[in-house]
Protein chains: 2
Amino acid sequence: MKSYRSFKAGDVILWRGEPLEFVASMVQGVASLSKTLEDGRTQMVGLLLPSDFIGRPGRKQIEFDVTATSDVTLCCFDRVPFERLVDETPHVAQRLMELALDELDAARDWMLLLGRKTAREKIATFIEMLARRGRSNTSNLTAQSELPMTRDQIANYLGLTLETVSRQFNALKKEGIIDFKNRHQFEVKDIIALNEATGDDADGGVLS
Amino acid sequence: MKSYRSFKAGDVILWRGEPLEFVASMVQGVASLSKTLEDGRTQMVGLLLPSDFIGRPGRKQIEFDVTATSDVTLCCFDRVPFERLVDETPHVAQRLMELALDELDAARDWMLLLGRKTAREKIATFIEMLARRGRSNTSNLTAQSELPMTRDQIANYLGLTLETVSRQFNALKKEGIIDFKNRHQFEVKDIIALNEATGDDADGGVLS
DNA sequence: CAACAACTTTGATTCAGATCAACTAAATGC
DNA sequence: GCATTTAGTTGATCTGAATCAAAGTTGTTG
């Protein structure tokens, strides 16, 4: 009923349109949801971090590709018995609705970012999100965080090119707002300036 | 329990963060969901057409403004008894989940548009969507459709400026792909060319 | 550890779409 | 039906980010 599956960085976990045989919970690693245009331009439409859920109650297929961004472990459940469980347990159905609404809110925040934010604002928002959501597991207090993707993947998430991502990271570093321990570990040095750089309402994060 | 409410074009139906007193179904008109940055840049994150649902099962507030784009009539239900109905009727809860997943799919398609499509592709996608979704009520066969928003609102929906919207509409008109009866009535003259101009996979619409 | 591949940075140049600025057409009110 | 306002078009110019083009780094593998 329950099984673990592993994927290497770069592996495709699910293709768009493929029948969904299982639902899953992210155990470790980072995966991305992405959509592609005819000519190959791609846009990530979601990130899956540990504890996130993969699956669509009542749907037999998905409208995007799911790809392992880093090495990934999933905890999988067969779809059919899982759906039976959902039908029989209102509490679980309710929880899934909450998750769907959270994803919807996240998608809409990202629409604002993609449609209206400058490259600098996009990068600042992305860093701020990682610093908040993907806190490194050793301590909750250090601002040291993982950057779990390549510049190219970040570009596809933010609707930019990898060159622009690189330039904006280095601009924020030069200004002393962030610092890099190495290419995939960063630290927020000035959270106030970072928040200002996102373009969001000052109280946006506090209220939500 | 059930009541009708009317709004004039431009009226704000709900503000972000406002407690949700009611849920509603769109009876007529068009409303938009939008988000705003500190400095006033705004991005529409959804459109509500007749028969669409306003409300968030289990949530007491919304994360965006809802504004009447044209004159709007809503059929409203008090939130508390509605939630009781949802809790007691699995079938209704299931239907709401379906609606949420549809919105999520729509949001993700729009993320691809906002992040990766050119101005021309955005306009073509928008027209194609209206021609498909908002077919004029007199006949299902004519390609005559309503354009239920101003150039400025369209720009906020597509992540463009009104000038660019105007230029791209006129470019498509000059190419004979669409034609305008007046500013708010258009007709698709060449559906093949329009589809090509969207940048989507040729089979995208057929499979979904 | 050398050689190779993958990723990142940096610089020069270009271009799509934004911005600025008139001007025109359509609604709305008196 | 004329005046005023609001919405839309069109042109000129500017600019942020894309594209093109090397180098420089880091990581991997025999």
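Labels below follow one simple rule: chain letters A, B, ... track the order of the sequence lines, proteins then strands, and each chain is numbered from 1.
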Trainee: Return the value, rounded to whole Å, for the distance between atom CD1 of B/I154 and atom P of D/dA7.
Mentor: 13 Å

Trainee: Return whichever of B/T118 or A/S166 has its heavy-atom-nearest nucleotide of DNA chain C closer to the 5' end.
Mentor: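 Looking at the nearest nucleotide for each, A/S166 comes out on the 5' side.
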
Trainee: From CD of B/Q185 over to P of D/dG8, roughly how many Å is that when rounded to an integer?
Mentor: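 For the pair B/Q185 CD and D/dG8 P, the rounded distance is 14 Å.
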
Trainee: B/D39 has an atom CG; how far is it from atom P of C/dT19, in whole Å?
Mentor: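 Rounded to whole Å, this separation is 10 Å.
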
Trainee: Using a 4.5 Å cut-off on heavy atoms from C-beta on, say whether the side chain of A/R79 contacts that of A/E21.
Mentor: no

Trainee: Establish, with yes or no, whether the OP1 or OP2 oxygen of C/dT9 is under 4.0 angstrom from a side-chain nitrogen or oxygen of A/R151.
Mentor: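 Yes, A/R151 has a side-chain N/O under 4.0 Å of OP1/OP2 on C/dT9.
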
Trainee: Less than 3.5 Å between a donor and an acceptor, one on the side chain of A/R167 and one on the base of D/dT19, is that the case here?
Mentor: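 Looking at the base of D/dT19, it does pair with a donor or acceptor on the side chain of A/R167 (distance under 3.5 Å).
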
Trainee: Any side-chain N or O of A/T161 below 4.0 angstrom from OP1/OP2 of D/dA17?
Mentor: no

Trainee: Whole angstrom is fine here: how far is it from CZ in B/F180 over to C1' in D/dA7?
Mentor: 14 Å

Trainee: Using a 6.0 Å distance limit plus a 45 degree cone around the ring axis, check whether B/R5 lies over the aromatic ring of B/F22.
Mentor: yes

Trainee: Measure from NZ or CZ of A/R151 to the centre of the six-membered ring of A/F180, then state whether that distance is under 6.0 Å and the direction lies within 45° of the axis.
Mentor: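 Relative to the ring axis of A/F180, which defines the angle, A/R151 lies inside both limits.
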
Trainee: Among the nucleotides C/dT8, D/dA17, D/dT9, which one has an atom lying closest to any side-chain atom of A/Q168?
Mentor: D/dA17

Trainee: Could you give the NZ-to-P distance, from B/K122 to C/dA18, as a whole number of Å?
Mentor: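 These atoms are roughly 7 Å apart.
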
Trainee: Side chain of A/T164, heavy atoms from C-beta onward: which of D/dA18, C/dC7, C/dA18 has the nearest atom to it?
Mentor: D/dA18

Trainee: Side chain of B/N170 only, please: which of C/dG17, D/dG8, D/dT9 is the nearest?
Mentor: D/dT9

Trainee: Donor-acceptor pair, distance only, cut-off 3.5 Å: does the side chain of A/D109 make one with the backbone of A/A106?
Mentor: no

Trainee: Rounding to a whole Å, what distance do you find between A/R183:CZ and C/dT10:C1'?
Mentor: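 Rounded to whole Å, this separation is 13 Å.
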
Trainee: Between the base of C/dC20 and the side chain of B/E163, is there a donor-acceptor distance below 3.5 Å?
Mentor: yes

Trainee: Atom CG of B/L158 to atom P of C/dG17: distance rounded to whole Å?
Mentor: 12 Å

Trainee: Give the nucleotide from the list C/dT8, C/dG17, D/dT10 with an atom nearest to the side chain of A/H184.
Mentor: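 Nearest to the side chain of A/H184 among the choices is C/dT8.
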
Trainee: Between B/Q43 (side chain only) and B/Y157 (backbone N and O only), is there a donor and an acceptor less than 3.5 Å apart?
Mentor: yes

Trainee: Look at all strands and tell whether A/L160 reaches a base, only sugar-phosphate, or nothing, counting heavy atoms closer than 4.0 Å.
Mentor: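 The residue A/L160 makes sugar-phosphate contact but no base contact.
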
Trainee: Round to the nearest Å and state the distance from B/N156 atom CG to C/dA18 atom P.
Mentor: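 After rounding, the gap between these two atoms is 11 Å.
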
Trainee: Just call it for A/N182: base, sugar-phosphate, or nothing, with non-hydrogen atoms closer than 4.0 Å on any strand.
Mentor: nothing

